[in-house]
Each structure stands twice: as C-alpha cells, then as structure tokens.
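Computed from a predicted structure; not experimentally measured. Scope of the values below: all heavy atoms of this structure, side chains included, with no hydrogens, waters or symmetry mates.
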Amino acid sequence: MAWTEERVEELKKLWSEGHSASQIAARMGGVTRNAVIGKVHRLGLSGRAAPAKPKTVTTEVREAVATAAPERERRAPVRSVLRDLPPIGDFGSDRLTVSSIGTDQCKWPIGDPASEDFHFCGQSAGGGKPYCAYHAQLAFQPSTSRSARKERTAPALPRPIRAVS
DNA sequence: CCCTGATTCGC
DNA sequence: GCGAATCAGG
C-alpha cells in the first residue's frame, strides 16, 4: 500500500496526537509499525509533543509517600484470615542468604535484615512462586467482600518479626 | 514476554 | 522512498 497524500495526512495527524507507531499501523491498516516509523522519520517529524512530563525520582518518592496509607492501615489483619495451613518446621541448619536462596525456595524473610542470622524461610515454593504455601497465604490475601476491603486497602506487607521455625 | 522508537540497508 | 530486520531501552 502506497503513501498517498491522504494517508500521509492521516499519519501526521495520528502521530501528532501521540499515538504509537503500532497503534497507527493498526488503525490505518496495510502497513506495519516499522513502515510507520520509517515514514515518520522520512517526513522528519520524529520529535513529538511529550506525552508525560519527566518526573524526577525525588518527586515520585514524595508523591508515593504522600499517597501511602498510614502503617496501621497498610497492615493486614493477618490472624483473622489464616486458614488451616500450619507453618512448616525447621528446614535445617543452613541459613539461606540472598545469594544462596534458590528460585523455588520460599523467600519469606525471617529475622532482622540487619542482623547476622537474617535468612529466608526456604521451604519449597514451586511454580516460580515467591513463597511456600504457608507464607503465600500470609502474603496474598483474597480481597473478597466490600466489608473486608474496608479493613484493608492494600495487601499485607511481608514483615514477620520472629522466626517461624 | 509485552511494548516503545531509532537505525540500517537491500530492495 | 520504502520497510523488514535489528537494536536499545522500558
């Protein structure tokens, strides 16, 4: 399909409106996003109105802090949602560190990260999941009823104080 | 893996 | 001029 005058106009319009090359290609048909990009360059209009202002990192942090709920609200009422999976016992004498833990081992942190004996749960997680069955139910709590959501606006933070062993 | 635009180069 | 292939980045 050729770049007729009409199609070029359409391209200019869509591009200036901020559509991506693939979006334009899909909308106009008969061309790939590569064709669109190529044409855009040949037309010399590669520069576009900035869709998003470049935020500084410190700005983002400030916004995140301002938006975040207080600590008490972010904590989930873990105990009330626990089902019947028991914590699994000691996994041995080896302490799993950040570098020694495997991909299929539970990454639930145990202890004080600043402390020497800080380690991870290490139970089998499986399926590329981050936690074992027990800790998964602590970390990923279902957001079901509206009333339940009132009590908790965000998922629980994995922050156990004491070792589970 | 999904996506983005940028560039190269044979056609 | 065109655009597929490729690259670099998110």
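Within the 4.5 Å cutoff, no side-chain heavy atoms of A/Met28 are placed close to those of A/Met1.
Considering every non-hydrogen atom in both A/Ala25 and A/Val31, the closest pair reads CB-O, 3.5 Å. Listed here is the closest heavy atom pair of A/Cys106 and A/Ala125: N-CB, 4.0 Å.
With hydrogens and angles ignored, the 3.5 Å screen pairs no side-chain donor or acceptor of A/Trp3 with any backbone N or O of A/Lys39.
One interatomic measurement links the two molecules: CZ of A/Arg42 to C1' of C/dA4, which rounds to 12 Å at whole-angstrom precision. In this entry the distance linking CZ of A/Arg7 with C1' of C/dC2 reads 13 Å, nearest Å.
Of the inter-residue distances, the one linking A/Glu5 atom CD with A/Glu10 atom CD reads 13.5 Å to the nearest 0.5 angstrom. In this structure, SG on A/Cys132 lies 11.0 Å from CD on A/Gln105, to the nearest 0.5 angstrom. With rounding to the nearest 0.5 angstrom, the CZ atom of A/Arg33 is 11.5 Å from the CD atom of A/Gln23.
Of the residues in residues 26-36 of chain A, those placing a heavy atom less than 4.0 Å from an atom of DNA chain C are A/Thr32, A/Asn34, A/Ala35, in numerical order.
The footprint of chain A on DNA chain B, defined by a heavy-atom cutoff below 4.0 Å, extends from B/dT4 to B/dT7.
At C/dC2, one or more side-chain N or O atoms of A/Lys39 fall inside 4.0 Å of OP1 or OP2 (strictly under the cut-off).
Taking the six-membered ring where the residue is Trp, A/Trp108 and A/Tyr131 present perpendicular rings, their angle passing 60° and hence far from 30°.
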